[in-house]
A.B. asks: 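Just dropping this structure here.
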Amino acid sequence: ERFQLDLDGLLAVPRSWRGQTALELRDVQQKDGFNLDHALFQIDLSNGSIAVRTGEIAQGKNRIQLTGSAQLPADYDGFVRTPASLVVSATAPNLDEITAAAPEKLRGSAELHGSVQIHDSVVDGNFDLGASEIGFARGQLENVGAAIKLTKKIPGPDSKEPWFSNFEAKASVSFSKARVDNYIID
């Protein structure tokens, strides 16, 4: 619906960029059933840094919010190595809407809170998920909780390592009163 870009600085020197950009979308619909009611992103660039002033996505009653900032690098190779911080929170009171286009549809509600930090060429992510009840075609889970920790060491720009090298993930999941088909775990 609306895109605005006001940028000044040397294109090859990200640290010199100054300005603002904004993107707003409304009523996005895809053939596979995915719909997006509203999205708004507003980003400021100044003093060698970038900041997500507003990051919101809405689909029905479901909401995702993003905020964050990063130092801009001297050149493009430094983009995933300069210090950065991103915080995400999502409230999904209607998982039916979010998973409408997915092969396995979900029912119920959930919340997600997390952050991603980049420092010393290391990306660290921490995410917590909670739901009182999640239903799916063959059953349901109650009191669902998950904690996920991700770490990735970023190789140098000339590295030939595959993207997944130096990647670690740790997850813990808990739930109660699981029902799948005719089986019940309590």
Side-chain angles (χ1 to χ4, degrees), residues 1-30 34-93 97-98 110-130 146-172:
E1 179 169 290
R2 179 177 66 98
F3 176 72
Q4 173 190 344
L5 177 64
D6 178 15
L7 188 61
D8 184 28
L10 299 172
L11 189 58
V13 184
R15 191 171 288 155
S16 72
W17 298 348
R18 292 175 306 280
Q20 298 93 25
T21 184
L23 172 66
E24 185 171 17
L25 303 172
R26 289 189 187 277
D27 301 320
V28 176
Q29 298 180 1
Q30 293 184 344
F34 176 79
N35 297 317
L36 182 67
D37 295 335
H38 185 247
L40 176 62
F41 294 93
Q42 296 175 319
I43 299 171
D44 292 333
L45 299 103
S46 65
N47 300 320
S49 66
I50 182 170
V52 178
R53 187 168 24 113
T54 304
E56 300 174 351
I57 300 171
Q59 182 187 43
K61 294 180 180 179
N62 303 307
R63 301 277 185 269
I64 300 172
Q65 294 183 317
L66 303 166
T67 58
S69 62
Q71 291 181 5
L72 291 169
D75 57 38
Y76 290 109
D77 287 337
F79 260 111
V80 293
R81 291 172 190 80
T82 57
S85 175
L86 177 69
V87 175
V88 61
S89 64
T91 302
E97 289 177 338
I98 290 178
E111 289 190 6
L112 171 80
H113 300 281
S115 65
V116 176
Q117 309 286 326
I118 300 175
H119 55 87
D120 300 326
S121 296
V122 176
V123 179
D124 287 315
N126 292 290
F127 302 92
D128 292 309
L129 171 76
I148 301 165
K149 179 175 177 43
L150 308 169
T151 301
K152 166 76 172 139
K153 293 179 184 174
I154 306 297
D158 297 326
S159 174
K160 303 290 187 224
E161 294 179 7
W163 68 268
F164 51 83
S165 66
N166 298 310
F167 177 78
E168 295 179 24
K170 295 178 183 175
S172 63

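Small disclaimer: the values here were computed from a predicted structure and weren't measured.
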A.B. asks: What residues form a side-chain contact (heavy atoms from CB on, under 4.5 Å) with S69, not counting sequence neighbours?
C.D. replies: A51
A.B. asks: Residues two or more places apart in sequence or in another chain: which of them pass side-chain contact (heavy atoms from CB on, under 4.5 Å) with S46?
C.D. replies: none
A.B. asks: Tell me, please, which residues at least two apart from L86 pass side-chain contact (heavy atoms from CB on, under 4.5 Å).
C.D. replies: L66, V116
A.B. asks: Holding to salt bridge (charged side-chain N to carboxylate O under 4.0 Å, His left out), I want the full list of residues that pass it with R18, two or more places apart in sequence or in another chain.
C.D. replies: D8
A.B. asks: Tell me, please, which residues at least two apart from L23 pass side-chain contact (heavy atoms from CB on, under 4.5 Å).
C.D. replies: F3, L25
A.B. asks: Could you tell me which residues satisfy side-chain hydrogen bond (donor to acceptor under 3.5 Å, both in side chains) with T151, sequence neighbours excluded, listed by chain and number?
C.D. replies: D124
A.B. asks: Kindly state each residue pair satisfying salt bridge (charged side-chain N to carboxylate O under 4.0 Å, His left out) with at least one member in residues 57-74, sequence neighbours excluded.
C.D. replies: none
A.B. asks: Test of understanding: with side-chain hydrogen bond (donor to acceptor under 3.5 Å, both in side chains), list the residues that count as partners of S85, not counting sequence neighbours.
C.D. replies: Q117
A.B. asks: I need the full list of salt bridge (charged side-chain N to carboxylate O under 4.0 Å, His left out) pairs touching residues 39-51, with sequence neighbours left out, sorted by first then second residue.
C.D. replies: D44-R53
A.B. asks: Mind checking what makes side-chain hydrogen bond (donor to acceptor under 3.5 Å, both in side chains) contact with E1, not counting sequence neighbours?
C.D. replies: R26
A.B. asks: Using the salt bridge (charged side-chain N to carboxylate O under 4.0 Å, His left out) rule, collect all pairs that involve residues 71-89, keeping only residues at least two apart or in two chains.
C.D. replies: none
A.B. asks: Going by side-chain hydrogen bond (donor to acceptor under 3.5 Å, both in side chains), name the residues that satisfy it together with T54, two or more places apart in sequence or in a different chain.
C.D. replies: Q42
A.B. asks: For the side chain of S159 and the backbone of G156, is there at least one donor-acceptor N/O pair under 3.5 Å apart?
C.D. replies: no
